[in-house]
Amino acid sequence: MTSLQGHRTKTELAVHVLRERIRTGELPPGHRLRLESLRDELGMSPTPIREALRLLQADGLVDYRPHHGIVVAELAPQQVLDLVRIRVALESLATELAVPLLGEAGLARLERLHERYLAATESGRGTAITAANQEWHWAIYEASGNDLLGEFVRRSWEPYPWRTIWAVPGRMAEAAVEHEQVMDAVRRQDVPAAAALMRSHLESSAYALLDRLERTGPADGGGGTT
């Protein structure tokens, strides 16, 4: 956190740290965010932490629960379905735009990130898989050259219940196969196939996640990838 402190206010730093912990699943859905614990962990006074929690609540990442306090937001199955529909539309479009623009350097970087993702899945470490998964996806989306589209995609990622999908049996292996299918289409510069396979990949992940949520509830789960 030291390197970030020179470039951010304390509130911005707290938002950044908590947002990343929620995204990676370190703070799972339903987890209670105690002001005293956050004060000790972040080394800050309560004021910027309270402001950070207010901003995260405005973004839908945390909720206030009566008699319990602030908790990491939990999404109902219908909310997840709505979110996935947005992701599918935006991310398949971003893939379609990106493939013709990747070039040799972009493809080489994507190959390295793909290998990193496969290595992370073999390790079974949820946080490593989540980080590698995000890097791979964003290497594609950022190559689209459309910053506004990228911002919309990013906003649809933040509330996604990554930890719950990780608890779905066999999903890790399925996702690795789907990533390889997308990579094969990218290598061939087959734009329609790459976009369609990205769509299929996201929908497959969503169906597995929704089935899990309907059977066990949103708070159940471990790490996350899609």
Contact check, side chains of Met198 and Ile140, non-hydrogen atoms, under 4.5 Å | yes
State, with a plain yes or no, whether a side-chain heavy atom of Val80 is found less than 4.5 Å away from one of Val84.
-> yes
Is the charged tip of Arg112 near the ring of Trp136: under 6.0 Å from the six-membered ring centre and within 45° of its axis?
-> no
d(Thr130 OG1, Glu135 CD) to nearest 0.5 Å is 11.5 Å
Considering all heavy atoms of both residues, which atom of Ala185 and which atom of Leu197 are nearest to each other, and what is their separation?
-> CB-CD1, 3.9 Å
Minimum heavy-atom separation for Leu35 to Arg50, with atom names?
-> CD2-NH2, 3.5 Å
To the nearest 0.5 Å, tell me how far Leu110 CG sits from His137 NE2.
-> 10.5 Å
Smallest heavy-atom separation, Ala132 atom then Tyr117 atom, equals CB-CA, 3.7 Å
Walk me through it: do Leu13 and Leu42 pass the test side chain to side chain contact (heavy atoms under 4.5 Å, CB included)?
-> CA-CA 9 Å; Leu13 176 60; Leu42 300 177; over 6 Å; no
For the pair Arg54 and Glu51, evaluate salt bridge (charged side-chain N to carboxylate O under 4.0 Å, His left out) and give the outcome as yes or no after the intermediate values.
-> CA-CA 5 Å; Arg54 187 189 67 78; Glu51 179 63 15; 2.5 Å; yes
Look only at the side chain of Ser92 and the backbone of Val88, and say whether a donor-acceptor pair between them is shorter than 3.5 Å.
-> yes
Give, for atom CG of Leu113 and atom CG of Leu118, the distance between the pair rounded to the nearest 0.5 Å.
-> 11.0 Å
Can you get from Leu148 to Tyr141 by hopping between Ile, Leu, Val, Met, Phe, Trp and Tyr side chains that sit under 4.5 Å apart?
-> yes
Would you please say whether a donor-acceptor pair under 3.5 Å links the side chains of Trp157 and Glu91?
-> yes
At their closest point, which heavy atom of Ala143 faces which heavy atom of Leu102, and how far apart are they?
-> CB-CD2, 3.7 Å
Looking at side-chain heavy atoms only, is the closest gap between Ile70 and Arg32 below 4.5 Å?
-> no
Say whether Gln57 and Tyr64, considering side chains only, have a donor N or O and an acceptor N or O under 3.5 Å apart.
-> no
What residue among Val72, Val71, Val62 forms side-chain contact (heavy atoms from CB on, under 4.5 Å) with Leu27?
-> Val72
Can we say Arg21 and Glu41 salt-bridge, meaning some charged N sits less than 4.0 Å from an Asp/Glu carboxylate O?
-> yes
Between Gln79 and Leu83, does a side chain to side chain contact (heavy atoms under 4.5 Å, CB included) hold up when you go through it step by step?
-> CA-CA 6 Å; Gln79 291 175 300; Leu83 188 60; over 6 Å; no
Does CZ in Arg155 sit with more than 12 non-hydrogen atoms of other residues, nucleotides or ligands closer than 6.0 Å?
-> no
What is the distance from atom CD of Glu12 to atom CG of Leu55, rounded to the nearest 0.5 Å?
-> 9.5 Å
CG-CG distance between Leu97 and Leu93, expressed to the nearest 0.5 angstrom | 4.5 Å
Are more than 12 heavy atoms from other residues, nucleotides or ligands located less than 6.0 Å from atom CD of Glu104?
-> no
Joint hydrophobic cluster, Leu149 plus Leu202, side-chain heavy atoms closer than 4.5 Å = yes
Taking Asp63 for its side chain and Arg65 for its backbone only, find out whether a donor-acceptor pair lies under 3.5 Å.
-> no
Side-chain heavy atoms of Arg34 within contact of Arg39, under 4.5 Å | no
Would you call Glu174-Arg171 a salt bridge at under 4.0 Å N-O?
-> yes
Side-chain (Ser156) to main-chain (Val153) donor-acceptor, under 3.5 angstrom = yes
Heavy-atom check, side chain of Val191 versus side chain of Pro100, under 4.5 Å | yes
Check step by step if side chain to side chain contact (heavy atoms under 4.5 Å, CB included) holds for Glu178 and Ser204.
-> CA-CA 9 Å; Glu178 292 161 8; Ser204 177; 3.0 Å; yes
Leu18 side, atom CG; Ile49 side, atom CD1 - distance, nearest 0.5 Å | 8.0 Å
With His114, the side chain to side chain donor-acceptor pair (under 3.5 Å) member among His179, Arg109, Glu180 | Glu180
Would the number of heavy atoms belonging to other residues, nucleotides or ligands and lying under 6.0 Å from CG of Asp147 be above 12?
-> no
Carboxylate-amine/guanidinium contact Asp59 Arg19, below 4.0 Å | yes
Show the numbers, then the answer: is there a side chain to side chain contact (heavy atoms under 4.5 Å, CB included) between Ile129 and Met172?
-> CA-CA 9 Å; Ile129 298 169; Met172 177 177 64; 3.8 Å; yes
